[in-house]
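Chain letters run A, B, ... following the sequence lines, proteins first and then strands; every chain starts at 1.
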Number of protein chains: 2
Amino acid sequence: MNATAKSDGTVGKALRMLDLVAEFGRPVRFTDILAMSPHPKATTYRLLQTLTNQHMLEFNEGDGTYALGGRLMRLAHAAWKTASLAPIARPFIEDLAAEVGETVHLAQIDQGQVLFVDKLQATDRFETLAQVGKIAPAYCTGVGKAMLAFLAPKRLQLAMLQQAYFQYTPATITNAAALESELEQIRASGIAYDREEHEEGIISIAAPILSSNGRVIGALSIATATTRHSLEGLDAFRVPLLETAEKIGAEATHWQFPA
Amino acid sequence: MNATAKSDGTVGKALRMLDLVAEFGRPVRFTDILAMSPHPKATTYRLLQTLTNQHMLEFNEGDGTYALGGRLMRLAHAAWKTASLAPIARPFIEDLAAEVGETVHLAQIDQGQVLFVDKLQATDRFETLAQVGKIAPAYCTGVGKAMLAFLAPKRLQLAMLQQAYFQYTPATITNAAALESELEQIRASGIAYDREEHEEGIISIAAPILSSNGRVIGALSIATATTRHSLEGLDAFRVPLLETAEKIGAEATHWQFPA
DNA sequence: GATTTAGTTTCATTATTTGGAACCATAAGT
DNA sequence: ACTTATGGTTCCAAATAATGAAACTAAATC
């Protein structure tokens with residue numbers, strides 16, 4: 001009867017099953033899901049059936065596995081087009097990518113995490129896997145820190161509180177105090193760096209995107225491998241990065257960032 | 001009490017609300033949704049609340065609108081990575097795109113429609129909007145016809161039956177008989193063309209991707225503008241296209257295409 | 001051929017959803 | 001200022017859908 005134990009309804013249960021399947025990262029058999037499911041066998045079974053009927057899952061007759069379904073991709077495409085910064089920001093990002101010749105990421109904050117909504121690679125290489133929908137923690141990425149730094153105090157507090165720090169690399173910031181002081185610097189300079197904090201060998205320079213009312217609505221980063229550029233090298237992109245973030249913010253003023 | 005009128009449960013109702021929001025193609029107010037909703041006011045309201053709590057929708061306090069939420073993009077990303085041909089096909093598509101210097105699409109069939117799961121643009125241009133999750137009818141696209149042609153007869157029949165033909169352009173095929181004979185030709189040649197049938201000025205050459213057991217698991221196309229190439233010009237890409245489709249099919253043999 | 005394992009169905013019980021109606025706040029009309 | 005509309009929200013008894021223990025089937029393993 002308390003707040004946390006309150007039932008979240010049939011829809012909530014069904015969606016949690018989707019998360020479960022997603023977490024496996026591969027097609028899964030009924031038993032695999034059952035082992036992770038908070039529900040008894042019959043319930044779990046029916047939940048999967050429902051989801052399959054609704055095309056949120058697809059059941060493979062061949063090997064008896066469930067996988068996430070096509071309806072999700074359709075809906076997400078619609079989400080991307082109507083509810084993300086990406087379509088608005090696209091032309092600006094293209095210019096930036098062409099100018100700097102490095103990978104450009106566009107991210108937003110979603111449920112306290114970094115949600116990548118676009119990725120563009122200049123140059124002739126293709127290494128770009130479609131990154132849309134990928135998530136990462138905020139505290140150890142350039143875009144994440146850029147957004148945290150400019151979050152309204154109340155929201156920041158909320159985000160910090162529920163943060164669990166995981167040491168991805170030796171450089172990862174793993175406590176609130178260190179993060180706070182880093183954010184302070186970012187606030188002063190308007191620029192955030194990822195110094196191989198999430199992935200070894202990958203660094204980035206990031207800037208927040210602020211709407212005209214001063215709220216953070218996203219962040220933009222230029223990422224590269226340490227083999228191609230040093231952190232100081234990335235700094236050369238500071239001006240075009242900031243300018244682009246500015247332009248996107250101006251363009252997106254009507255778009256209000258959801259909680 | 002008959003098959004179609006059977007209730008599809010709470011989850012089904014909730015998901016249909018998502019479709020509704022998606023159809024609008026913009027953030028929508030409660031009233032807009034209510035007008036389209038099959039449910040009375042209170043029910044519609046609660047459905048939206050549930051979805052919002054579950055982060056499938058995001059409610060914008062500012063202007064009181066609902067939009068599709070970030071959770072969808074996360075899930076879709078997982079779907080793309082684990083349940084689509086894209087990750088397997090990516091390296092091959094990259095080579096193809098580099099070789100032909102034109103846009104390459106990778107598609108699958110989902111619920112009788114073409115579902116684009118990857119898009120790659122060679123050359124220096126960027127015009128590629130992230131196309132993942134976009135859908136199109138099967139009967140008027142190159143990839144769609146390529147897949148229809150090699151569908152198992154039973155499945156084809158099913159797909160044809162529930163097909164409604166819409167005339168997108170003067171060249172669109174708008175009846176089953178014409179489509180059948182076109183499919184016959186495709187079966188013979190192994191190649192499908194889109195002769196500006198879906199969008200004026202856009203043509204493509206497409207090939208099915210067959211798994212080793214002979215089932216269609218997807219299709220690959222090279223698309224271009226009529227201003228850049230003629231249909232005959234596209235034909236020059238026939239060999240690399242077929243080879244790439246072959247390679248992907250071989251690689252993806254373990255991956256079985258869901259209904 | 002007996003036993004385990006994985007998947008599926010049944011059905012009385014239980015919990016959730018439903019929706020008409022009442023309610024509130026703000027905007028518009030007189 | 002007062003009435004009427006409009007858009008959104010909440011209530012709660014009734015209607016409906018979800019639940020899960022147990023029984024069952026099919027296939028694999030001993």
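- Nearest to the side-chain atoms of A/Y45 among the listed nucleotides C/dT9, D/dT9, C/dG20 stands C/dT9.
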TODO: Given side chain to side chain contact (heavy atoms under 4.5 Å, CB included), test A/K134 with A/H105 step by step and report yes or no.
DONE: CA-CA 11 Å; A/K134 192 178 163 179; A/H105 288 277; over 6 Å; no
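- In plain terms, the two heavy atoms of B/M160 and B/A176 that are nearest each other are CE-O, 3.9 Å.
- Among the nucleotides D/dT19, D/dG8, C/dT8, the one closest to any side-chain atom of B/R29 is D/dG8.
- For the pair B/L34 CG and C/dG20 P, the computed distance is 12 Å after rounding to whole Å.
- At the phosphate of C/dT5, neither OP1 nor OP2 sits under 4.0 Å from any side-chain N or O atom of A/T31.
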Once base and sugar-phosphate atoms are separated, protein heavy atoms under 4.0 Å mark nucleotides 22-30 of chain D, 5' to 3', with B, S and - as ---------
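- The separation between B/I33 atom CD1 and D/dT9 atom P is 11 Å, rounded to whole Å.
- When distances are taken from the side chain of A/P40 to each of D/dG20, D/dA18, C/dG7, the shortest belongs to D/dG20.
- To the nearest angstrom, C1' of C/dT16 lies 14 Å from CG of A/L47.
- Pairing each heavy atom of B/L51 with each of B/A14, the nearest pair is CD2-O, 3.3 Å.
- The B/T43 side chain lies nearest to C/dG19 when the options are D/dG20, C/dG19, D/dA18.
- One can find a donor-acceptor pair under 3.5 Å joining the base of D/dG20 and the side-chain atoms of A/R46.
- When each of A/D32 and A/V11 is assigned the nucleotide of DNA chain C bearing its nearest heavy atom, the one mapping closer to the 5' terminus is A/D32.
- Distance check, rounded to the nearest 0.5 Å: OG1 of B/T10 to CG of B/L15 gives 10.5 Å.
- Under the 30°/60° scheme for interplanar angles, the aromatic rings of A/H77 and A/W80 are found to lie parallel.
- DNA chain C is contacted by both A/G64 and A/K13; A/G64 maps to the nucleotide lying nearer its 5′ end (nearest heavy atom per residue).
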Side-chain donor-acceptor pairs of residues 25-34 of chain A under 3.5 Å, sequence neighbours excluded:
from	atom 1	to	atom 2	distance (Å)
A/R29	NH1	A/D63	O	2.8
A/D32	OD2	A/R29	N	3.1

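- Put simply, CG on B/L51 is 15 Å from C1' on C/dT17, counting in whole angstrom units.
- Of all heavy-atom pairs between A/R16 and B/R71, the closest is N-NH2, 3.9 Å.
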